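None of these values were measured; they are calculated from a predicted model. Numbers restart at 1 for each chain; the letters A, B, ... are given by sequence-line order, proteins then strands.
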Number of protein chains: 2
Amino acid sequence: MNSFTEENYLKAIYKLSLKEGQGVSTNAIADILKTKPSSVTDMIKKLADKKMVSYQKYQGVNLTKKGRDVAVSIIRNHRLWEVFLVEKLNFKWDEVHDLAEELEHINTHKLTERLDEFLGFPKFDPHGDPIPDKDGNIVQHKDITLSDLSTGEKAVIVGVKEHSKSYLNYLEQLQLVLGAEVEVKDIVEFDATMSVLVNKKQTIISNQASKNLIVKKI
Amino acid sequence: MNSFTEENYLKAIYKLSLKEGQGVSTNAIADILKTKPSSVTDMIKKLADKKMVSYQKYQGVNLTKKGRDVAVSIIRNHRLWEVFLVEKLNFKWDEVHDLAEELEHINTHKLTERLDEFLGFPKFDPHGDPIPDKDGNIVQHKDITLSDLSTGEKAVIVGVKEHSKSYLNYLEQLQLVLGAEVEVKDIVEFDATMSVLVNKKQTIISNQASKNLIVKKI
DNA sequence: AATAAAATTTAGATTAGTCTAAAAATATAA
DNA sequence: TTATATTTTTAGACTAATCTAAATTTTATT
Ligand SMILES: [Mn+2]
Ligand SMILES: [Mn+2]
Ligand SMILES: [Mn+2]
Ligand SMILES: [Mn+2]
């Protein structure tokens with residue numbers, strides 16, 4: 001079995017390898033896990049011993065199939081629990097992440113599958129992130145963000161790239177929630193501040209905010 | 001915050017103090033937690049520093065109000081999750097304990113209360129154990145067992161004193177589940193083996209089995 | 001009351017995960 | 001291409017939780 005700590009490292013490496021590609025760096029891992037690079041080196045060695053990662057000194061680290069499977073399974077748990085908390089226990093989308101961080105480590109096949117079934121086999125979590133299926137297949141988002149749109153274009157909000165409470169909370173106030181339709185009315189040339197129409201209301205949002213909103217053009 | 005380990009010690013001390021009364025012994029704790037007496041002594045000192053228990057060398061240990069509150073809260077979580085697993089995820093009563101042992105440590109007030117509400121504020125868990133309310137009040141069972149009955153008496157099964165998979169599984173085969181009505185038809189004088197009538201079927205069970213079945217006379 | 005047995009505590013070691021400070025390797029810049 | 005900066009690793013130390021073996025205290029038995 002893997003400790004919570006090991007699982008969190010694998011998850012971090014998985015997420016970084018989606019961005020950084022091959023050879024995830026020690027510093028990047030330390031950064032995400034709020035630990036020190038020296039601690040990361042130690043853990044990487046341990047994970048390498050367990051054949052969870054492949055590793056050459058100074059060359060960064062990569063997940064093996066075994067390591068990827070664990071990471072994806074934890075992410076599956078995380079996202080299913082988030083759905084549960086929102087759909088069944090009426091939590092808001094900005095409240096569920098920390099709880100899911102704990103629940104995800106109860107990594108028992110039967111529990112996960114029963115939960116999935118109970119929730120009706122959801123495809124996305126409350127933040128629009130795709131839920132891996134039980135074989136570990138996961139469909140990644142296209143990653144078109146609101147900030148990529150031009151004036152006049154319309155889109156549906158399908159996800160967020162930033163999961164902080166303050167961001168999610170702010171979005172909700174602006175009614176920029178999953179499924180909402182937006183139309184770009186104006187873009188300030190200087191700093192890409194946008195005027196968008198949501199639910200017939202006009203709202204102004206910064207580039208910082210719009211570049212973290214994943215959308216699908218319509 | 002308390003570690004999982006600390007919470008498990010507090011829970012063990014709580015359960016033992018219900019049986020042993022004042023001054024829970026080091027050996028008994030070691031026994032329940034499958035650890036060594038010397039480890040228990042170390043942890044007791046730590047819990048005493050945190051004002052979770054009162055402790056005098058060689059005199060056994062007692063929970064403080066603070067320690068009791070934590071223990072009861074963990075037990076509340078445990079039993080609520082067991083209800084969830086059985087009622088919502090269709091687990092059987094012999095499958096839920098180990099999962100609940102993990103889930104119970106996600107000790108977040110809001111989660112517990114929402115779960116309680118979602119489940120319809122259940123009073124008992126799938127094994128008939130009472131669920132403490134949110135203020136920590138808990139109604140203990142009377143502890144009349146099937147083995148206490150005399151020939152001819154009738155009773156309803158309301159709980160079990162033994163939670164092992166094999167016992168629960170066995171009971172289910174005999175249809176001796178919560179809510180079932182039993183009538184004592186015969187008791188062997190030698191070893192208290194019982195003949196009981198359940199659902200119009202006659203069954204024979206050992207004293208070992210009947211003394212772990214909590215019942216309510218009717 | 002003295003002695004033997006059982007329970008409990010202490011001493012010293014071990015493992016997982018972390019840290020700081022220093023050394024080594026790699027990347028960047030003059 | 002040498003010097004500088006950055007990244008990564010190593011060395012050594014710390015804490016939480018555990019263990020074994022030995023010492024101490026309490027309890028039970030003669
Ligand atoms: Mn999350
Ligand atoms: Mn999410
Ligand atoms: Mn249980
Ligand atoms: Mn139970």
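A heavy-atom distance below 4.0 Å to DNA chain C is reached by these residues of residues 24-45 of chain A, ordered by number: A:Thr35, A:Lys36, A:Ser38, A:Ser39, A:Asp42, A:Met43.
A salt bridge does not link A:Glu113 with A:Lys134: every distance from a Lys NZ or Arg NE/NH1/NH2 to an Asp or Glu carboxylate oxygen is 4.0 Å or more. Comment: A:Asp69 engages A:Lys65 in a salt bridge, judged by a side-chain N to carboxylate O separation of less than 4.0 angstrom.
The residue among B:Gly60 and A:Glu6 whose nearest nucleotide of DNA chain C lies closer to the 5′ end is B:Gly60.
In plain terms, the two heavy atoms of A:Pro132 and A:Ile138 that are nearest each other are CG-CD1, 3.8 Å.
What separates CD of A:Gln59 from C1' of C:dT26 is a distance of 9 Å, to the nearest Å. Here the P atom of nucleotide D:dA16 and the CG atom of B:Asn2 are 13 Å apart, to the nearest Å. Atom pair A:Gln56:CD and C:dA25:C1' shows a separation of 14 Å (rounding to whole Å applied). The nearest whole Å value for the distance from the OH atom in A:Tyr55 to the P atom in D:dT8 is 10 Å. Rounded to an integer number of Å, the gap from CG of A:Asn8 to C1' of C:dA16 is 15 Å.
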Original post:
Under the side-chain contact (heavy atoms from CB on, under 4.5 Å) criterion, do B:Ile74 and B:His78 qualify, and how do the steps go?
Top reply: CA-CA 6 Å; B:Ile74 302 300; B:His78 183 104; 5.5 Å; no
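Contact annotation: A:Tyr9 reaches the phosphate of C:dT18 (side-chain N/O to OP1 or OP2, under 4.0 Å). At the phosphate of C:dT26, neither OP1 nor OP2 sits under 4.0 Å from any side-chain N or O atom of A:Lys57.
Residue A:Phe4 is out of contact with every strand shown, counting any heavy-atom pair closer than 4.0 Å.
Note that CD of A:Glu104 and NE2 of A:His97 are 7.5 Å apart. Values are rounded to the nearest 0.5 Å.
Annotation: cation-pi geometry not satisfied between A:Lys88 and B:Phe84 (NZ/CZ under 6.0 angstrom from ring centroid, within 45° of ring axis).
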